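What you see is a predicted model, and the numbers here were worked out from it, not measured in a lab. Indexing begins at 1, ligand by ligand and atom by atom, following the structure's order.
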Amino acid sequence: MTPIVNRWPVAVLGATGAVGQAFIRLLDAHPWFDLTEVAASERSAGKSYREATKWLEGTMPAQVAALTVKTCSPEEVTAPIIFSALDSGVAGEVEAAFARAGRMVLSNAKNYRMEPDVPLVIPEVNGDHLGILDIQRANRGWTGGIVTNANCATTVMAAALAPLHQRFTVTKVFATTMQAVSGAGYPGVPSLDILGNVIPYINDEEPKIETELVKLLGTFDGNALRHAEIVTSAHANRVPVEHGHTVCMSVAFAEKPTPARALETMRSWTGQEAVRGLPSAPEPSLIVRDEADRPQPRRDVNRGRGMATTVGRVREDHLFDLRLVAMSHNVVRGAAGGSILNAELLAHTGQLARYLAP
Ligand code: NAP
């Protein structure tokens with residue numbers, strides 16, 4: 001592991017929301033990053049973070065509680081590394097303004113994910129896609145840049161399918177999701193809509209799954225990101241689970257593996273080399289369970305400090321080739337933790353030092 005000489009000051013935009021709070025929990029005592037600024041909407045700006053935030057889990061770190069919430073402008077927020085947990089309604093303009101102003105933005109919003117020169121990254125799966133940043137900066141004349149992480153349900157799917165795609169080439173995926181309420185942010189879905197219920201619709205979710213998966217499982221050839229040739233059909237459902245998106249998948253392959261070969265492939269998978277040993281990287285990042293009734297969000301969501309993906313029920317499929325179930329923490333692996341791991345990889349590869357040199 002490359003020794004990190006400097007610590008980096010970082011800011012969180014959208015710091016008061018569900019994902020923003022996860023950033024604050026995960027950045028507390030981070031070995032490389034110091035959280036120095038928090039920002040949110042005009043409603044929160046000017047208040048102390050303690051006053052502006054309805055804190056959802058555990059104890060608010062004291063040094064963050066005392067920070068004054070800023071507005072999301074690069075004139076006010078000065079940190080070189082910007083973690084964005086902004087609502088997509090505002091993320092587009094705000095994130096571009098920070099990238100233009102020379103900051104490295106790690107975004108959770110959908111706005112830039114599918115842009116051809118913007119990396120959409122799960123480090124273990126496609127960390128090498130960060131190479132497109134040089135092209136992004138040249139194309140757009142930005143001195144900073146934008147790196148995105150995927151929709152939280154797509155993250156579950158890509159993490160589980162990456163080893164299988166590498167070896168057997170996935171061609172079709174039929175997916176049904178069971179997505180936790182925390183995926184809708186805070187206050188999110190009204191309790192009378194979700195308690196004792198299943199909602200068979202999540203706005204804009206199915207198109208995100210169907211497009212983002214092929215980018216995540218695609219390749220970077222040094223000039224462009226090439227999408228994988230996979231046809232995906234997704235059914236997205238909201239279920240009364242607090243954290244953890246579960247996805248049931250039927251998968252077709254160019255070369256059909258037996259369940260035993262698929263299991264062996266997933267068990268032995270270690271992901272991209274550069275990620276191993278990074279502070280937020282789980283070991284292993286993919287956990288394969290043999291029990292007939294796993295994964296379960298209640299029992300498996302916090303594995304690898306919320307960064308691991310748990311897979312089970314790998315078996316023959318009557319429609320395609322194999323069926324399986326995968327699950328991970330939507331707010332940690334699927335959002336804040338994923339962004340932090342992206343930033344750690346940029347630090348480790350020297351890209352942060354190269355791009356953010358004064
Ligand atoms: P949330 O709980 O609703 O939080 C939204 C945040 O955006 C709040 O901090 C809010 O600040 C801020 N905000 C809203 N309007 C703003 C404005 N006009 N200017 C500046 N800040 C503004 O949502 P969330 O679940 O944390 O999601 C944040 C982002 O992450 C979204 O783009 C979402 O799609 C994405 N995401 C979420 C998950 C998940 O599991 N929740 C997973 C992956 C990706 P105020 O408190 O001041 O209003």
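Near Thr16, with a cut-off below 4.0 Å to any heavy atom, the atoms of ligand 1 are 8 (C), 9 (O), 10 (C), 11 (O), 45 (P), 46 (O), 47 (O). Residue Gly334 has at least one heavy-atom neighbour below 4.0 Å for each of these atoms of ligand 1: 42 (C), 43 (C). Residue Ala335 has at least one heavy-atom neighbour below 4.0 Å for each of these atoms of ligand 1: 42 (C), 43 (C). Applying the 4.0 Å criterion to heavy atoms of Asn330 picks out, from ligand 1, the atoms 40 (O), 42 (C). Of all atoms in ligand 1, numbered sequentially from 1 with element shown, those under 4.0 Å from a heavy atom of Ser88 are 32 (O). Near Ala109, the atoms of ligand 1 lying under 4.0 angstrom from a non-hydrogen atom of the residue are 32 (O). For ligand 1, the atoms lying closer than 4.0 Å to a non-hydrogen atom of Val331 are 40 (O).
Regarding atom 5 (C) of ligand 1, its nearest protein heavy-atom neighbour is Ala85 O, 4.2 Å. Distance from atom 34 (O) of ligand 1 to its nearest protein heavy atom, with residue and atom name: Asn108 O, 4.5 Å. Remark: minimum distance from atom 7 (O) of ligand 1 to any protein heavy atom is reached at Asp87 N, 3.6 Å. For atom 12 (C) of ligand 1, the closest non-hydrogen atom on the protein side is Gly14 CA, 4.1 Å. Protein heavy atom in closest approach to atom 47 (O) of ligand 1: Ser44 OG, 2.5 Å. Shortest contact from atom 38 (C) of ligand 1 to any protein heavy atom: Val19 CG2, 3.7 Å. For atom 13 (N) of ligand 1, the closest non-hydrogen atom of the protein is Ser41 CB, 4.2 Å. In terms of protein heavy atoms, atom 32 (O) of ligand 1 is closest to Leu86 O, 2.7 Å.
Relative orientation of the Trp32 and His30 rings is perpendicular, given thresholds of 30° and 60° on the angle between their planes.
For atom 27 (O) of ligand 1, a protein heavy-atom neighbour is found at a distance under 4.0 Å.
The only member of Thr148, Ile122, Asn149 that meets side-chain contact (heavy atoms from CB on, under 4.5 Å) when paired with Asn342 is Asn149.
Thr270 and Arg276 share a side-chain donor-acceptor pair at under 3.5 Å. Side-chain contact of Thr310 with Arg303: a donor-acceptor pair under 3.5 Å is absent, judged by distance alone.
When only interatomic distances are considered, the shortest N/O to N/O separation between Ala184 and ligand 1 does not fall below 3.5 Å.
Relative to atom 41 (N) of ligand 1, the option among Ser182, Ala18, Ala180 with the closest non-hydrogen atom is Ser182. For the residues Glu93, Lys54, Lys110, Arg43, the heavy atom positioned nearest atom 48 (O) of ligand 1 is part of Arg43.
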